[in-house]
4 protein chains.
Amino acid sequence: MTDQRRPSAGVARRSETSRRAVLTAAFELAAEVGYAKLSIEGIAARAGVGKQTIYRWWPSKGAVLFDAFLMFTTGEPGEGGGGEGGGESVEEAALPDTGDIEADLKTVMFATVDELNDPRYDRTMRALSIEIAHDADLAALYAERLNRPMRELKKRRLRAAQEAGQLAADLDLDVAVDLLWSPLLVRWLHREGPLTHEYAAALVETALGGMRP
Amino acid sequence: MTDQRRPSAGVARRSETSRRAVLTAAFELAAEVGYAKLSIEGIAARAGVGKQTIYRWWPSKGAVLFDAFLMFTTGEPGEGGGGEGGGESVEEAALPDTGDIEADLKTVMFATVDELNDPRYDRTMRALSIEIAHDADLAALYAERLNRPMRELKKRRLRAAQEAGQLAADLDLDVAVDLLWSPLLVRWLHREGPLTHEYAAALVETALGGMRP
Amino acid sequence: MTDQRRPSAGVARRSETSRRAVLTAAFELAAEVGYAKLSIEGIAARAGVGKQTIYRWWPSKGAVLFDAFLMFTTGEPGEGGGGEGGGESVEEAALPDTGDIEADLKTVMFATVDELNDPRYDRTMRALSIEIAHDADLAALYAERLNRPMRELKKRRLRAAQEAGQLAADLDLDVAVDLLWSPLLVRWLHREGPLTHEYAAALVETALGGMRP
Amino acid sequence: MTDQRRPSAGVARRSETSRRAVLTAAFELAAEVGYAKLSIEGIAARAGVGKQTIYRWWPSKGAVLFDAFLMFTTGEPGEGGGGEGGGESVEEAALPDTGDIEADLKTVMFATVDELNDPRYDRTMRALSIEIAHDADLAALYAERLNRPMRELKKRRLRAAQEAGQLAADLDLDVAVDLLWSPLLVRWLHREGPLTHEYAAALVETALGGMRP
DNA sequence: CCCTAAGCGAGACGGTACGTCCGGTCTTCCA
DNA sequence: TGGAAGACCGGACGTACCGTCTCGCTTAGGG
C-alpha cells in the first residue's frame, strides 16, 4: 500500500498497535454498518486513533479496507512488502482434489456461495467490491494481492484436471475460471437472484459440458 | 420510482421540464465526473432546479441516476406516466440472427465490449453499478426495468438457436446468459484485465463448447 | 394593511371564513410556539388555507400577526379601512378615574404587569414586538392602530388629573406617558429584571414626584 | 459564551484568527444588511471560515452578534480567556460630571440619541436587540456583560448628584436610570416618533422635576 | 339561470439557509 | 518524531420555509 518498513536505518517507528487497531476497526465497522456509513472519522474513533494516523499510512478509505480484508483473510501482514512470513497461508492452501473435477468445483463453489450469503462477510466484501469498482489503484492492488493468489489456486486445480484428461488440453484456464466464478459474483453483487447451491451446480455443469447439444 | 399522475383529484402536478432537466443533468454529470463527485447538490445546480424537487420525486441519488440511465437508454419514460409509449424500443429490438449462434453472440458481445470501453459510458454505467451494489431497492428496480428486458432479448436469440438444434435442448437459458456476460461485467467492473474482442470471443467459444475435451 | 373592499364594481369577494381562520391560527401559534417558530407555512396549514391566500391579503408575516392581535384585542375588524364599526371598543374604553391619579396609575400599570407576565400574552406580544422592531411599515401601522388609541386613553386620564391640578399645567403628556410605561416595556422585552407590582409602583411614585429632593 | 481555554491537557486550541474574523464579519454584516438578512452562512463566508467553526464556539446567531458587539464596544475580549485584560475600558470610563446633573444627563442622552440615529449603529443594535428579545439566555448575557456596566456608570453619576444634594436621598437609582433611558429605547426600537435632542431634554427635565405641579 | 372571473385549497417550483457530518490538512502536546 | 487529539476550511447532506406559480374547484355576481 504505502512504503514504510524502512527496517532500521533512519528511524521510522510505526505503531503496530495503531495499525492493527485501525484495521480491526475498519473490518468490524464494514461488517456492521456497511459501505455507505463507513467513514474514516468513524474508523479512527473506533480504533482510538487520530485521523492523521490513518491519512499518514493509507492513501484512501478503500486502501484501509483492503488491508483490513487482507489481514483477516490471508494470514496477517497487511501490506508491507517485506513479508514472506504472511502470505504462506494462501500459497500453501489448495483446492480439494478427489480426482473428480466436477465434484471438486461444486464443493468449492458451494463454499463461496455460503460465504457470500453470510451477512457479515457480505457487507465487508460488498464494501470492498464497491471501493474497487471506483478506484483503479485499489483494483490493481486487489487483483495482485487478493485475486491473483486465489485465481492461481483455482487454475492449479484445473490444470491438474487438464493433465488428467478431464478438461480440454487447449482450454484457457483464465477464461475457465471467469466462466465459473463471475456469474456468482455478478448475481451476488447486483442481487440478480438467489445465490443457491443449485445455481452454482448448474453453472459448473453447463460450463463443463458447454451449451451445445 | 414514484407513482404520481393522479390525473385530476388533488391538484398540482409534476413538472415534466424539471424532471427531464434533472435526469439530463444527472446523466451528463455522471459521464463527466464519475460516481465519486456526483452530488445531488451538483445535479440540482446543473439542472437549475431546487434540491427539494429532487428529494420530492426520487428516494436516493441512485434512483435519479437509474431514471436518467433509463431515459437515455430505453426510449424515454423514466418512471411515471407515459406508459405504453416508451418501453417499446427495448421490446421491439432484437439481437441479430444470421443463423450462426456463435457469430451472432460474438457480434453482440463485441458491441458490449466497445460500449464498456467508451469512457463516457464507462463512468455512467460504473456509477450506476456502484449504486446498485449498495442499494437493494435500486437493485430490484434495475433487475426489473433494465436487466430483465435485456436478458429477455438475449434469451430469445438463444431460444431460437435452441430450436434450430444449435444449443442443447435442456440448456437453462438464464445460466447460459450469465455464463456469457458475467465474465465481461466482472472484468470491467473490477478492472481485472483488458476488455478485448479476443477475450469476448474466447468466452463465447469456451461457453459454447464447454471445458471438457 | 391591504386595500380590498371594492364593494361592487368588478367583483372581489374575499372569504371572511379564511380571514378569520388565518388570524386565529396566527394568534394561537404565536402564543404556543413563539416568534422563532412562527411560519407562514405553519399558519396556512393550521388554518386549513392555501399559502397564497395569506400572501394575497397580507404583505408580511408581521402584518398577519398584527391583524390577529388587533382582532383579538380590540373588537374585531382586523384591517379593512371600512370599519368605523369596530374600533369603538377602544374608543369607548377609559382608564379608571377615582380622582387619585397615583392610585389610578398604579391600578392600570399593575394590570399591564400582570398581562406581560402571562405566558400566552408574553409570547404573542413578544412576537409582535419583534416584528415591529424590524419592519418600519409595521411599526407605523402599530403606532397608528394599536399604540395611538392606547396612548390617547392614557393621556385622557392624565389630562383630567392635570385639569384637577394634580399634575403640572405645562406637563407634556406624551413625555409623561413614555416616562411611565417605557421602563415597563424595556424591562419586559429585554428581561432586565422581574416585572413586579413593586417596580411599577416605584415607577409611578418616582415619575410623579420627580428625582429631585 | 463558551468556556474553552483548557490551557494544556487535551490539545488543539481555538484559533484566535478565526474568532476575530467571525466577529468582525458578523459586526459588519449586521451593520450592512441588518437583522433580517444576517445568516450564519453569510458570516462564515465573509469571514472565510467553515460554518462548523461558528457552530463549535457559539450556541446561536445571537451569541455571535453579541460577542461581536462586545468586542467592538468594550475593549476586546469577547468571551473567553483574556479576563482582566479587557473589561477595563468600561470600568475606567465615567460619565461627565460638571456638577450640574441636569446638564450632564442631557449631554449623555444627546450622545445616545445621536448614536441611535446613526444608520450603522442602528442596524447593528437593532439586530442585537431583536435577538435579545427572543432569546432569554442571550438576554441574561446581555444584562450581565453589556447592560450592567453601562448602568453602573449611570448610577455612579446619579449617586454623586445624590450626595451633592441634587437628587432625593431616597431615590432608587435603578428606577431613575430606567425612567431616563427606557423611553429613548422604546421610541427608537418601535420607531414611535423622531428621536431628537428636544425629546431627550424633555425626558430629563420631566424626570428630574416630576409630573406634579 | 347560465357564464365567467375571482378567490380558494393544494401543493410543486426555484431558492436560501439551516444545523450536521465528513474529508483532508494542520497544529499542539505527550511519550 | 510518531501518534492522540481535535480545530480548521470546505462542501454535501437532507430539511424547513420563503414567496411565486399553476392547477382544478367553488361561488357569486352581471348578462
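Since the model is a prediction, treat every value here as computed from it, not as a measurement. Chain A is the first sequence line, chain B the second, and so forth, proteins listed ahead of strands; every chain is numbered from 1.
Under 4.0 angstrom from either OP1 or OP2 of dG2(F) there lies no side-chain N or O belonging to Arg56(A). Between Arg14(C) and dA6(E), a side-chain N or O to OP1/OP2 separation shorter than 4.0 Å is absent. The shortest distance between the side-chain N/O atoms of Thr53(A) and the OP1/OP2 oxygens of dA4(F) is below 4.0 Å. A sub-4.0 Å separation between OP1 or OP2 of dG14(E) and a side-chain N or O of Ser18(B) is present.
Using a cut-off of 4.0 Å between Lys/Arg side-chain N and Asp/Glu carboxylate O, Arg123(A) and Glu32(A) are scored as not salt-bridged.
dC13(E) atom P lies 11 Å from atom CD1 of Ile54(B), rounded to whole Å. Taking atom CZ of Arg20(B) as the reference point, atom C1' of dA12(E) lies 19 Å away to the nearest angstrom. What separates CD of Glu16(D) from P of dT28(E) is a distance of 14 Å, to the nearest Å. Protein atom NZ of Lys61(C) is 12 Å distant from nucleotide atom C1' of dA16(F), rounded to whole Å. Residue Arg46(D) contributes atom CZ, which lies 18 Å from atom C1' of dC9(F) at whole-angstrom precision. Atom CG of Leu29(D) is separated from atom C1' of dT16(E) by 15 Å (rounded to the nearest Å). Rounded to whole angstrom, the span from the NZ atom of Lys37(C) across to the P atom of dC18(E) amounts to 15 Å.
Between Ala47(B) and Leu38(A), the one whose closest nucleotide on DNA chain E sits nearer the 5' end is Ala47(B).
Nearest nucleotide to the side chain of Gln52(D), out of dC8(E), dC22(E), dG19(F): dC22(E). With dG14(F), dA10(E), dA12(F) as the choices, the nucleotide that has an atom nearest any side-chain atom of Ile40(B) turns out to be dG14(F). Closest to the side chain of Lys51(C), out of dT15(F), dC23(F), dG19(F), is dG19(F). Considering only the side chain of Arg13(C), dA5(E) comes nearest among dA5(E), dT25(E), dT15(F). For Ser15(A), the listed nucleotide lying nearest its side chain is dG3(F); candidates were dA5(E), dG3(F), dC8(E). For Glu41(D), counting side-chain heavy atoms from C-beta on, the closest listed nucleotide (dA5(E), dT20(F), dC18(E)) is dC18(E). Comparing dC8(F), dG3(F), dC13(E) by their closest approach to the side chain of Trp57(D) singles out dC8(F).
Seen from the ring of Phe66(B), Lys61(B) does not count as a face-on cation partner, given the 6.0 Å and 45° thresholds. A cation-pi arrangement is present between Arg14(D) and Trp58(D) under the rule of less than 6.0 angstrom and at most 45 degrees off the ring axis.
With hydrogens and angles disregarded, no donor-acceptor distance shorter than 3.5 Å links the side chain of Thr53(A) to the backbone of Val49(A).
Among the atoms of the strands shown, only primed sugar atoms or phosphate atoms (P, OP1, OP2) are found under 4.0 Å from some heavy atom of Gly48(D).
Taking the six-membered ring where tryptophan is involved, the planes of Phe69(B) and Phe27(B) are tilted, since the angle between them lies from 30° to 60°.
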